[in-house]
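Below you'll find the structure, written out as structure tokens, and then a few comments.
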Amino acid sequence: MKKLYILFTVLSFFAFLILGCGGGDSSNIKVGLIAELTGDIPAVGASCKNAAQMAVEEINDAGGFQFGEKKYKVDLIIEDNAGKADQSVSAAQKLITQKKVVAIVGPNASRYALPAAEIAESSKVVLITPWSTAPKATLDSKTGASKKYVFRSCFIDPFQGRVLAKFTLENLKFKKAAVLYDVASEYNKGIAEIFKEVFEKNGGKVVAFETYTTNDKDFSSQLTKIKRATPQIIFLPNYYSEVPLQIQQAKRLGINVPFIGSDSWGSEELLKLCGNDCNDYYFSAHYAADAATPATKKFIDNYKAKYGSTPDDVAALTYDSFGLLWQALKSAGKNDRQAVRDALAKIPQYDGVTGTMQFKEGSGDPIKSAVILKIIDGKFTWFANAKP
Amino acid sequence: MVYIFQQALNALQLGSIYALIALGYTMVYGILTMINFAHGDLFMIGAFFCFLIAFYLKLSFVPTLLLTMIGVAFLGVVIERLAYKPLRNAPRVSAIITALGVGLFLENFTLALNPYPQHVPALITDQTWTIGNVSISSLQIIIIVLSLFLMLILDFIVQRTKAGMAMRAISWDKSIVPLMGVPVNKIISLTFAIGTGLGGAAGMMYGLAYPVIDPYMGIMIGWKAFISAVIGGIGNIRGAMIGGFILGSVEIMVAAFLPSTYRDFVAFTLLLILLIFRPYGILGKPNPQKV
């Protein structure tokens, strides 16, 4: 009897939790957000959530949307994908079928954005991923044509890989590079291959092309191999939680060459985890907080005032994703999935906080420029621009 | 030659951590014939204890190590009392499922407290010596020496002390030994304390060598250590040590001489072949079912 009583108490507690999450006004515009709040890259999810909440608050404070006679406010429904592909799928399904959102923003990492994008496409709901740079995210998995409902606010990896390869060859003047990347992750693998291709086509040589699998912590074997190949620079297109380990282990093995990275480095967490080990290295990013235009500056100041930290790439891109969505909602003039998609596809150009994005007809990928940041004294510092 | 020597050092470092964790699996199996699948997560807790102690109490290396080991050992004993003891006479599957549940609980509890990967502060000034192109870091030496030292102490406790004798006796026959006046519950608690304490020490050393720690770090390492224990012959303490070093070396050497993408695939194929020829592991003995 006592056990039954405990069981009942626990169950009713959970029921209460679940019921507590419901509610909300049905006449509001519902927008879903899928973020990596837990899992292996929680800093990405946190930035994404912060920027999303800020974007929604701003639009609601400005009065929301007016469609005909009626005023609409925006409800943000946040789902955690726990850093898992399957949970990204179920989060997308939940947002689409149960929560009836008009559009979805996120997930950020390509390995989660890809499966979620498939669901959005087949359910005919707009999905804008802020940070997924893998080309496949916006391409149909069967035909290779552009997906109709999937958009993004960031540049894509072929561009980024080319920028990095050229920067290494032309600005840093290194001809021998080594690459260490996560072979089990869509993003890392894609950009590593593009880097190698462009680097070798332009007269460089990749002397070691080593891999590991997600969640590995020991890279000593691969790094010893890289050391033997005597590269002048090592390219690490890996996430911010792994890069510090790789750099520290390389130093412990007596490797003294510089490192270069991709936009997955761009989180304040990298600086925290790295300490002084990452100083003087370069990586490509979506925007430079220290070299911002006035409009971007306003966003940075608001974000800083609200959350006490400089917005990273993910935060800025999430903010731009919502900006795109607001513009689409305004020109669609109604709270309807198909109308929002059609309006979004017609936007030719959008001036966001991460720069100007140009969309070609029928493609969800913006054409925009990248920046190269250098880590100086534990700070991300603008170093160079790269035009599309 | 230099290359091989450097890779051997890498293998020794990884292997000694696997071996330390494998000991926890093998000791619990030896005494309870139960696989404590929460052990990998206790290892993770060890790394987090080390982080908390080093970060908030700012203690130096040795006190941090002792506190971590004691803390994790205590947690191990509590888990045994609360979760495993009530199931000691239940079907073995129930105990294994419970262990998996405890592991998931530990992971998600840590996750709920703080999902961010943490950076373990350096407790030892890390120095790298280069002798003829081979680099050795002070951390590497400490990990290897300390692991061997802990293993020697354990071997001494099990082979030369009265408590060790009781452990061996219980693993031999659980029903007769209590009749001889051996306090079975105490010995089981002690076994858990030592096994998980070593796991905690491994967690701390892992946290120092690979200073970014997260709540999921114990899963893969736990599996690999379990595999090490099986290779060495589960239930056999010296076997677990040997198994850990074998797995560490195979992993490092495969990546050293073949494309690194093949690492896990080749490593585990080799181990499967080994198990075909020695199904009870290297030092394990066939254990016929008693009727």
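Since the structure is predicted, the reported quantities are computational estimates derived from the model, not experimental observations. A note on names: the letters A, B, ... follow the listed sequences, proteins ahead of strands, and every chain is numbered from 1.
- Taking a 6.0 Å sphere around CZ of B:Phe257, one finds it holds more than 12 heavy atoms contributed by other residues, nucleotides or ligands.
- Using a 4.0 Å cut-off between a side-chain N of Lys or Arg and a carboxylate O of Asp or Glu, B:Lys224 and A:Asp218 do not qualify as a salt bridge.
- One finds the NZ atom of A:Lys225 at 14.5 Å from the CD atom of B:Gln6 (value rounded to the nearest 0.5 Å).
- Atoms OG and CG, from A:Ser220 and B:Leu12 in turn, are 11.0 Å apart once rounded to the nearest 0.5 Å.
- Between the NE2 atom in B:His119 and the CD atom in A:Gln248 there is a gap of 4.5 Å [rounded to 0.5 Å].
- Residue A:Thr211 comes nearest to B:Ser260 through the heavy atom pair N-OG, 2.9 Å, listed as atom of the first residue, atom of the second, then distance.
- Neither the backbone nor the side chain of A:Glu242 comes within contact range of chain B; no heavy atoms are under 4.5 Å apart.
- For A:Ser241 and B:Asp214, the side-chain atoms include no donor-acceptor pair closer than 3.5 Å.
- In this structure, A:Arg252 contributes its side chain and B:Ala209 its backbone to a donor-acceptor pair below 3.5 Å.
- Heavy atoms of A:Leu223 lying under 4.5 Å from chain B are absent altogether.
- Among all heavy-atom pairs drawn from B:Ile252 and A:Ser221, the shortest one is O-OG, 2.8 Å.
- When all heavy atoms are compared, the tightest approach of B:Tyr116 to A:Pro42 is CA-CG, 3.6 Å.
- Taken to the nearest 0.5 Å, the OG1 atom of B:Thr261 stands 5.5 Å off from the OH atom of A:Tyr181.
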